[in-house]
Number of protein chains: 2
Amino acid sequence: MIRLLLADDQALVRGALAALLDLEPDLEVVAQVGRGDEVVTAARESAADVCLLDIEMPGLSGIDAAAAVRRELPGVRSLIVTTFGRPGYVRRALDAGAAGFVVKDTPARQLADAVRRVHAGLRVIDPHLAAESLIDGPSPLTERERELLTHALDGAPVATIAARVHLSEGTVRNHLSAAIGKTGASTRSEAARIAQDRGWL
Amino acid sequence: MIRLLLADDQALVRGALAALLDLEPDLEVVAQVGRGDEVVTAARESAADVCLLDIEMPGLSGIDAAAAVRRELPGVRSLIVTTFGRPGYVRRALDAGAAGFVVKDTPARQLADAVRRVHAGLRVIDPHLAAESLIDGPSPLTERERELLTHALDGAPVATIAARVHLSEGTVRNHLSAAIGKTGASTRSEAARIAQDRGWL
DNA sequence: GCCGCGTGATGACAGGTGTCACGTGGACGT
DNA sequence: ACGTCCACGTGACACCTGTCATCACGCGGC
């Protein structure tokens, strides 16, 4: 019997996944959480074997949660189950110690298999995403560029961004100009969107 | 026995919801589709009573699918089940003939109840969203403003947008300026993001 | 030591952007 | 017929932005 923990911020999806996985005779959902920062304690208390983690969650992202599980509970394996097939996410998830990466539009029956393989010590990675991840390569952005792009995501003017990060307006424009070049965009908003699509933020 | 059709572009979520709802003794999932433009034919062939529709789907949005169901199959009721609680969506969904509107982070056990109420001829609307929808009121944007904002979503420069819609650059700037005023934003990207958040696009 | 690189900053310049005034025309309601 | 609203356009103006050159500092690698 494989003991599972589910982490997803959407209660309906969480409950539905639990119903789906509980149908399998060798799987048992022993814990459900809606926040990333509750994963480790819930996994410890429920003695879970495998954690299914969404990425977009309040408190702590699924990737960071996987890293925390890796650090705090070395025997427990993490499987990322996410909506967005951002190439950059795959690499970051694996670096964080996740054992698998599956997108939410894979057929439902394959999920149980993925769980079993992860539990058996294998790695499960969506093949399509693995290819994209290799093509794109790692993020070319520096830490500052990444940070400034996240602030540019909502379309704020440069002056606002500069105030938020306590930097000179000129410096902000320089960093963003570099980011625009690296993403192949022509405005900072476009650059921010591209970087987000690739999982660089 | 209430016969259900599920429409969601994420196969995993679709399958999981099916597993969850099939647990209820009086509910039966008789069809599953991943595209909005397959809803009507699948509902007709499977003789469904209630359609659960996600909004973001390829082919046709869940809202447009609800309108099509209303038109083609008058006896069938639609329940929108979506990730995003955009206030503007609620009004548009009801105008399109949907009988209910639920967000995906409602507790799983409430979904079956919502289905039963919709089937009984009642209307089910997330109370929190209903309030927000009333506060915001309907979209103040004109059709052109709405269209131009969608093109501004990815941060494209004005010249690109003007070329895409075959308009003068000056006209595009005038419309976007009006949209910026109506949204309370200070750049077109910010205006686009605000409008999207409110379900005005 | 020196080089490369990230970070922070300044100044200058061309071009993009938001705003406003103003004009035209068509659709719609009264 | 008239007013109102929307769409579309032009021109002008101030301001914002993206780019580039140039400087300085700290850090790690060969």
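Note: hydrogens, waters and symmetry copies are ignored here, and every other heavy atom, side chains too, is used.
Atom CD1 of B/I161 is separated from atom C1' of C/dG16 by 12 Å (rounded to the nearest Å). Atom P of nucleotide C/dA27 and atom CD of B/E143 are separated by 17 Å, given to the nearest angstrom. Put simply, CG on A/L141 is 15 Å from C1' on C/dT7, counting in whole angstrom units. Summarising the geometry, the separation between CD on B/E145 and P on D/dC8 is reported as 11 Å, rounded to the nearest angstrom. Here the P atom of nucleotide D/dC6 and the CD atom of B/E147 are 16 Å apart, to the nearest Å. Atom CD of A/E169 and atom P of D/dC15 are 13 Å apart (whole Å). In this structure, the CZ atom of B/R173 is 10 Å from the P atom of C/dG16, given to the nearest Å. Across the protein-nucleic acid pair, A/L167 atom CG and C/dT10 atom P stand 11 Å apart, rounded to whole Å.
The side chain of B/V158 lies closest to C/dG18, out of C/dG18, D/dG9, C/dA9.
Less than 4.0 Å separates DNA chain D from at least one heavy atom of each of the following residues of residues 174-191 of chain B: B/N174, B/H175.
Contact check, A/T171 against C/dA9: a side-chain N or O comes under 4.0 Å of OP1 or OP2. At the phosphate of C/dT7, OP1 or OP2 sits under 4.0 Å from a side-chain N or O atom of A/T142.
Residue B/R123 places its CZ atom among more than 12 non-hydrogen atoms of other residues, nucleotides or ligands, all under 6.0 Å distant.
A donor-acceptor pair shorter than 3.5 Å can be found between the side chains of A/E190 and A/S186. Side-chain polar atoms of A/H175 and A/R144 form no donor-acceptor pair below 3.5 angstrom.
A salt bridge is absent between A/D49 and A/R77: the closest approach of a Lys/Arg side-chain nitrogen to an acidic carboxylate oxygen does not fall below 4.0 angstrom. Comment: A/E24 engages A/R116 in a salt bridge, judged by a side-chain N to carboxylate O separation of less than 4.0 angstrom. With salt bridges taken as basic N to acidic carboxylate O contacts below 4.0 Å, none links A/D95 and A/R92.
When all heavy atoms of A/A66 and A/I80 are compared, the pair lying nearest together is CB-CD1, 4.5 Å. Closest non-hydrogen pair, B/G85 versus B/V103, comes out as CA-CG1, 3.9 Å. B/L60 and B/D37 make their closest contact through CB-N, 3.6 Å (heavy atoms, listed as atom of the first residue, atom of the second, distance). The two residues B/Q196 and B/L153 make their nearest non-hydrogen contact at OE1-CD1, 3.4 Å.
The bend of the helix from C/dG1-D/dC30 to C/dT30-D/dA1, defined by the angle between the axes of its first five and last five pairs, stands at 40° to the nearest 10°.
Residue contacts for B/R144: at a heavy-atom cut-off of 4.0 Å it reaches the sugar-phosphate backbone alone, with no base atom in range.
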What string of B, S and - do you get for nucleotides 23-28 of chain D, 5' to 3', when a contact is any protein heavy atom under 4.0 Å? ------

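In this structure, CG on B/D8 lies 10.0 Å from CG on B/L52, to the nearest 0.5 angstrom.
Remark: side-chain polar atoms of B/R3 are not paired, donor with acceptor, to backbone N or O of B/E28 under 3.5 angstrom.
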